[in-house]
> 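Attaching a single structure in structure tokens format; questions to follow.
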Amino acid sequence: MRAIDLTVGFPGKPVLEHLNFEWPEHGAVAVMAPSGAGKTTLLRTVAGLLPPLAGKIEGVDGKKTAFLFQEDRLLPWLSARKNVALVGGPDAAETWLQAMEIEDMDALPGKMSGGMRRRAALARALAFGGDILILDEPFKGLDQGLRERIAERIRDHAPFTLMAVHDPEEARLMGAEIWTLPIKEDIK
Amino acid sequence: MKKALRGAGVALFWIGVWEALALLVGHPLLLPGPAATLTALLRLGATAAFWQNVGVTLLRVMAGFVLGVLTGTALAVGCWKWRWFDALMSPLGAVVKATPVTSFIILVILWLSRAHVPVFIAFLMVMPIVWTAVRQALMNVDANLVEMADAYRFSPMQKARYLYAPAIRPAFAAACITALGFAWKSGIAAEVIALPDLAVGRRLYDAKIYLEREELFAWTLTVILLSLALEKLLRWAMERSRGGDGYAGD
């Protein structure tokens with residue numbers, strides 16, 4: 001995956017300008033920067049959810065991308081099991097919810113703790129499968145033990161993982177190469 | 001049990017108020033009491049004509065209601081999907097909402113057969129209520145969930161079924177319940193003015209003309225009871241449809 005003179009953001013409001021980078025096809029890359037620096041905007045552009053303002057990204061066309069959003073974005077009227085099954089089928093839902101250590105798979109998101117919702121959203125991204133797994137703050141709200149176990153399971157599964165993190169420890173857990181975003185003056 | 005007892009107590013209180021007022025007025029031509037009204041209702045209920053009138057009125061109102069719900073929903077989807085269509089249709093919505101129902105009835109009598117006027121009027125009352133509520137609910141669907149559905153490549157059917165339908169369901173249900181009350185009242189009003197042969201509204205009009213006050217009250221009571229029963233039935237149906245999450249595992 002390669003970005004050439006990439007500018008991301010919103011019309012009239014660029015967030016990151018003239019980025020050039022090359023990432024491997026396998027393994028993991030952790031984008032690090034303070035809040036508001038544009039990590040999520042970059043991730044959404046890589047996923048094709050936001051068109052680049054200028055430049056281009058090569059190597060993503062035709063690839064299937066699973067996206068774990070910063071917010072859990074589970075459908076509130078469906079159980080954890082059905083939220084996951086909707087994108088990956090019932091077998092994948094069972095497998096990944098178990099891997100994410102969710103016991104009550106039939107609970108609605110509103111009845112789940114923040115950590116459970118995060119794990120259900122992770123299960124959905126993993127059940128969706130694909131070539132690229134994008135994780136925006138994947139371990140938010142999870143304790144250290146869970147982080148380690150879950151990171152190991154994601155590492156074993158995902159072909160290429162792109163993640164946004166605040167803490168370098170989260171990148172280490174995923175065995176990710178750290179890539180620090182160039183930060184604009186007003187954000188510093 | 002406690003709820004039923006309380007409901008019965010409230011009903012008894014208001015029947016008592018009605019009886020007291022009837023005694024105070026002291027003239028059955030002006031205000032018949034509950035006993036006389038109930039007797040008239042039982043007498044009417046024993047005739048086939050009563051049920052024919054009720055059945056036909058019910059059919060007319062429900063036809064108008066269903067047409068209004070379907071058209072209102074279709075218009076709402078169109079307005080949400082295409083901005084130009086929203087701009088085009090908004091004056092129509094404003095005119096329908098602002099025009100008094102009696103003006104519509106008088107106008108429509110010139111265009112339609114008497115039997116069809118109540119159907120059209122009920123439709124006209126229901127359609128803008130459902131249209132406005134569903135349009136607004138669609139506009140308010142969480143953009144984050146829409147983006148999630150795009151990211152996970154939901155098909156248009158999956159989006160409609162698992163995202164939009166559950167998101168608009170509460171507003172749709174509330175609009176239908178409100179609209180049903182309006183359909184019922186406006187449909188009867190249209191019958192009173194258009195005077196089709198078989199109609200509760202026609203019987204209300206006749207009772208007024210022939211000074212049959214007990215029958216007038218009995219027909220009014222019939223309208224109220226049917227309206228309450230229909231609302232309960234609709235609430236029950238909405239609640240039942242909410243029971244499952246509709247996920248079929250595809």
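In what follows, every chain begins at residue 1, and chains take the letters A, B, ... in the order their sequences are listed.
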> Please examine the side chains of B:P166 and A:L78, heavy atoms only from C-beta on, and report whether any two atoms are closer than 4.5 Å.
no
> How about residues 223-234 of chain B versus chain A: which residues have heavy atoms under 4.5 Å apart?
none
> Do you know which of A:G88, A:A47, A:A125 has the most heavy-atom pairs under 4.5 Å to chain B?
A:A125
> Please flag which part of A:L68 lies under 4.5 Å from any non-hydrogen atom of chain B: side chain, backbone, both or neither.
backbone
> Quick check for you: among A:R124, A:R44, A:K64, which has the greatest number of heavy-atom pairs under 4.5 Å with chain B?
A:R124
> Which value, rounded to the nearest 0.5 Å, describes the distance between A:W77 atom CH2 and B:Y162 atom OH?
13.0 Å
> Show your reasoning for whether side chain to side chain contact (heavy atoms under 4.5 Å, CB included) applies to A:F67 and B:E147.
CA-CA 10 Å; A:F67 200 123; B:E147 191 183 48; over 6 Å; no
> To the nearest 0.5 angstrom, please state how far the CG atom of A:L86 sits from the OH atom of B:Y152.
11.5 Å
> Would you list the pairs meeting salt bridge (charged side-chain N to carboxylate O under 4.0 Å, His left out) in which at least one residue belongs to residues 79-98 of chain B, sequence neighbours left out?
B:D86-B:R135
> Quick check on B:A167 against chain A: is it the side chain, the backbone, both or neither that has a heavy atom closer than 4.5 Å?
both
> Just verifying a value: how many Å separate A:R73 CZ and B:L145 CG, rounded to the nearest 0.5 Å?
8.0 Å
> Would you indicate whether the side-chain heavy atoms of A:L75 and B:M148 approach each other to under 4.5 Å?
yes
> Please give me the minimum heavy-atom distance between B:A151 and A:F69, naming the atom from each residue.
CB-CZ, 3.7 Å
> Relative to chain B, which segment of A:I134 carries a heavy atom at a distance below 4.5 Å: side chain, backbone, both, or neither?
neither
